[in-house]
2 protein chains.
Amino acid sequence: MNIGTASDRIGLPVKTIRYYEEIGLVRPARSENGYRDFEEADLQRLKFLQRSRSLGFSIEECRELLSLYEDRNRASADVKALTRAKILEVERKISELESLKRTLSDLVEACHGDARPECPIMDDLAGKKDPPSTD
Amino acid sequence: MNIGTASDRIGLPVKTIRYYEEIGLVRPARSENGYRDFEEADLQRLKFLQRSRSLGFSIEECRELLSLYEDRNRASADVKALTRAKILEVERKISELESLKRTLSDLVEACHGDARPECPIMDDLAGKKDPPSTD
DNA sequence: GCTTGACCTTCCAGTTGCTGGAGGCCCTAA
DNA sequence: TTAGGGCCTCCAGCAACTGGAAGGTCAAGC
């Protein structure tokens, strides 16, 4: 199967698939004409990558997950640990963003937002006193 | 004032300051020996950049904010609009992450996490049926 | 048999916002 | 005079692709 067909079947851009090959995440065979030749096992790997990437795993984490995936004797505890770590990371990001949002909202609250130039948001950015806390 | 001193005063790495100059966000004077020579107005801009970057504004947004900052006749409404847009963006990111977290948590829930190889997380990544919804 | 156009190949460059390092000048103090 | 720091520029690299150029391949239509 050519790369275009694989791309259609999986829903990953052609460029992305080539990139995944370049960094060693898939190793499709080659036809005589030099074209990549994907078989079902390759599609399976690509699907796996697509799903794990969409769940926020980094490329390196995907590499690790893939190798666990192909290890018939892996312990589910290992997979669970990786996933737990990812959840913590996501939670950290969320709380950072929450705090950012509070700060921005406070600033917006304080700004009359009309044609006049006076602006508490600008004052805060410029480092004037009494900025809303960023936590 | 040399770049090292400016860096200490503001708390931005020397490399970052040089980068900001490269992309035209600051334009410090030069001494005869070729060294950058920062004055208070430059520090002010750098502080402004530091704060707006820390609030999640992109470099291009910072450029826009800076030009508003230096426009004596700007309308506070413009600043407020930019900030509001940023809040929406932050909210979008938060809800994406929330949904991600739910999916990952569901997966972790379902996984016994012991030495056996059977693993619902892997099954989901591999595209087996009954995956927890990602929303 | 030839052309057209879709598809494939590789390689290089760009994205964002820096960061690290090499190689080399400048300045001050001992 | 030499050692050390600080400063300079330029190049490369991070993540994870994405776009484009230049060129080979293939199938269909005339």
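No hydrogens, no waters, no symmetry mates; every other heavy atom, side chains included, goes into these values.
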Exercise. Under 3.5 Å, is there a donor-acceptor pair between the side chain of Lys86(A) and the main chain of Gly56(A)?
Worked result: yes

For this session: For dT10(C), take OP1 and OP2 only and decide whether either is under 4.0 Å from a side-chain N or O of Arg18(A).
Result: no

For this session: Ignoring backbone atoms, test whether Arg53(A) places a side-chain nitrogen or oxygen under 4.0 Å from the OP1 or OP2 oxygen of dC17(D).
Result: yes

For this session: Select from Pro13(B) and Val14(A) the residue whose nearest nucleotide in DNA chain C is closer to the 5' end of that strand.
Result: Val14(A)

Exercise. Closest nucleotide of DNA chain D for Tyr20(A) versus for Gly4(B): which of these residues is on the 5' side?
Worked result: Gly4(B)

Exercise. Does Glu40(B) have any side-chain contact (heavy atoms from CB on, under 4.5 Å) partners at least two apart in sequence or in another chain, and if so, which?
Worked result: Met1(B), Arg9(B), Leu43(B)

For this session: Using a 4.0 Å heavy-atom cut-off across all strands, classify Ile3(B) as base, sugar-phosphate, or nothing.
Result: sugar-phosphate

For this session: Would you jot down, in residue-number order, the residues of residues 58-65 of chain B having a non-hydrogen atom under 4.0 Å from DNA chain D?
Result: none

For this session: Mind checking ring-ring contact (aromatic ring centres under 6.0 Å, His included) for Phe38(B) and listing every partner two or more places apart, or none if nothing turns up?
Result: none

Exercise. Distance check: side-chain N/O of Thr16(A) vs OP1/OP2 of dA16(D), anything under 4.0 Å?
Worked result: no

Quick one: side chains of residues 10-27 of chain A, donor-acceptor pairs under 3.5 Å with protein atoms, not counting sequence neighbours, listed by atom name and distance.
from	atom 1	to	atom 2	distance (Å)
Glu21(A)	OE1	Arg30(A)	NH2	3.2
Glu21(A)	OE1	Arg36(A)	NE	2.6
Glu21(A)	OE1	Arg36(A)	NH2	3.0
Glu21(A)	OE2	Arg30(A)	NH2	3.3

Exercise. Ile94(A) versus Val90(A): any side-chain heavy-atom pair under 4.5 Å?
Worked result: yes

Problem set entry | Ser54(B) versus Leu100(A), closest heavy-atom pair with distance | O-CD1, 3.5 Å

For this session: Identify, with sequence neighbours excluded, every residue that meets salt bridge (charged side-chain N to carboxylate O under 4.0 Å, His left out) alongside Arg116(A).
Result: Asp114(A)

Exercise. Taking only residues two or more places apart in sequence, or in another chain, which ones meet Arg63(A) in a salt bridge (charged side-chain N to carboxylate O under 4.0 Å, His left out)?
Worked result: Glu60(A)

Exercise. Can you name the salt bridge (charged side-chain N to carboxylate O under 4.0 Å, His left out) partners of Lys80(A), sequence neighbours left out?
Worked result: none

Exercise. Can you name the residues that form a ring-ring contact (aromatic ring centres under 6.0 Å, His included) with Phe57(B), not counting sequence neighbours?
Worked result: none

For this session: Give me the residues of residues 25-46 of chain B where at least one heavy atom lies under 4.0 Å from an atom of DNA chain C, by number, or none.
Result: Asn33(B), Tyr35(B)

For this session: Could I get the full list of side-chain contact (heavy atoms from CB on, under 4.5 Å) partners for Glu39(B), not counting sequence neighbours?
Result: Asp42(B)

Between protein and nucleic acid, restricted to nucleotides 21-24 of chain C and to nitrogen or oxygen atoms under 3.5 Å apart, what atom pairs and distances do you find?
from	atom 1	to	atom 2	distance (Å)
dG21(C)	O6	Lys15(B)	NZ	2.3

Problem set entry | Inter-axis angle, terminal five-pair segments of the helix from dG1(C)-dC30(D) to dA30(C)-dT1(D) [nearest 10°] | 40°

Exercise. With no hydrogens and no angle check, is any side-chain donor or acceptor of Ser52(B) less than 3.5 Å from a backbone partner on Phe48(B)?
Worked result: yes

Problem set entry | Nearest-angstrom distance from the residue atom CD of Glu22(A) to P of dC14(D) | 12 Å

Exercise. With respect to the side chain of Tyr19(B), which nucleotide from dT18(D), dC17(D), dT19(C) is positioned closest?
Worked result: dT19(C)

Exercise. Would you say the side-chain atoms of Ser76(B) pair up with the backbone N or O of Gly113(A), donor to acceptor, closer than 3.5 Å?
Worked result: yes

Problem set entry | d(CG, Asn2(B); P, dC25(C)) in whole Å | 19 Å

Seminar exercise, completed: Only residue of Arg45(A), Arg74(A), Gln44(A) satisfying side chain to side chain donor-acceptor pair (under 3.5 Å) with Tyr69(A) is Gln44(A)

Exercise. How long is the line joining CD1 of Ile17(A) and P of dA16(D), in whole Å?
Worked result: 18 Å

